[in-house]
Structure formats: structure tokens, C-alpha cells
Amino acid sequence: MSEHDDSLSPKERELIASLKEIVSLSENMRIKLERAQKELSSLQATLSSERRSMIELKEENQHLREVLQNWRNRMNSVLEQLGEIK
């Protein structure tokens with residue numbers, strides 16, 4: 001306590017101590033909130049990256065389905081032609 005604290009009443013000292021505790025708790029809460037915001041930001045970036053990856057995989061999957069369907073159609077056509085040759 002400072003030299004000015006001697007002129008304060010016990011109630012005023014108690015209030016100042018309470019305010020200091022509130023300041024300390026507020027600072028701790030601010031630090032925790034900043035950490036949580038950074039973690040949330042990191043998780044959102046990861047989520048965005050995973051979403052982009054999922055979209056790319058869906059597009060690739062669709063392309064491969066189309067390729068497979070084309071091959072299936074060609075093979076059926078070849079088998080039909082072979083059947084007609086007999």
C-alpha cells in the first residue's frame with residue numbers, strides 16, 4: 001500500500017482491494033479469451049481447409065465415376081460386338 005492509503009478508511013481500503021482483485025481477474029479472463037479466440041481462429045482455418053479438401057475429393061470422385069461409367073459402356077459395347085461376331 002502507498003502512503004496515501006493511510007488516509008483511507010477501512011471500508012475504502014476494502015473497496016480498493018476488491019477493485020484490484022477484479023482487475024486481476026479481468027486480466028486473467030482477457031488472456032484466456034485471447035487464447036480461446038486464437039484457438040477458434042486456428043480451428044476455423046483447419047475447418048475451411050478440410051471443407052476445400054472435401055469439395056476437391058467429391059469432384060474427383062464424380063470424375064472417377066464418370067470415367068468408370070464410360071469404361072463400363074465401352075466394355076459392354078465391345079462384349080455386344082463380340083457376341084454379334086459369333
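As a basis for the values below, the full set of heavy atoms in this structure was taken, side chains included, without hydrogen atoms, waters or symmetry mates.
- Identified under the salt bridge (Lys or Arg N to Asp or Glu O under 4.0 Å) test for residues 52-75, with sequence neighbours left out: none.
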Identify all side-chain donor-acceptor contacts of residues 40-48 below 3.5 Å with residues at least two apart in sequence or on another chain.
{"residue": "Thr46", "atom": "OG1", "partner": "Ser42", "partner atom": "O", "Å": "3.1"}
{"residue": "Ser48", "atom": "OG", "partner": "Gln44", "partner atom": "O", "Å": "3.1"}

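- For Val23, there are no side chain to side chain contact (heavy atoms under 4.5 Å, CB included) partners two or more places apart in sequence or in a different chain.
- Remark: Arg13 CZ to Ser7 OG distance equals 8.0 Å, nearest 0.5 Å.
- The hydrophobic cluster around Trp71 extends to Val67, counting ILVMFWY residues whose side-chain heavy atoms fall within less than 4.5 Å of a member.
- More than 12 heavy atoms of other residues, nucleotides or ligands lie within 6.0 Å of CD in Gln69, so this atom counts as buried by the packing criterion.
- Looking only at side-chain heavy atoms (C-beta outward), Leu57 and Ser53 come within less than 4.5 Å of each other.
- No more than 12 heavy atoms of other residues, nucleotides or ligands shown are found within 6.0 angstrom of CE on Met75.
- For Glu12, the side chain to side chain contact (heavy atoms under 4.5 Å, CB included) partners at least two apart in sequence or on another chain are Leu8, Ser9.
- The salt bridge (Lys or Arg N to Asp or Glu O under 4.0 Å) contacts involving residues 25-34 comprise Glu27-Arg30, Arg30-Glu34, where partners must be two or more places apart or lie in separate chains.
- Atom CE of Met29 sits about 8.5 Å away from atom CG of Leu33, to the nearest 0.5 Å.
- Take Asn76 and apply the side chain to side chain donor-acceptor pair (under 3.5 Å) test, not counting sequence neighbours, and it matches no residue.
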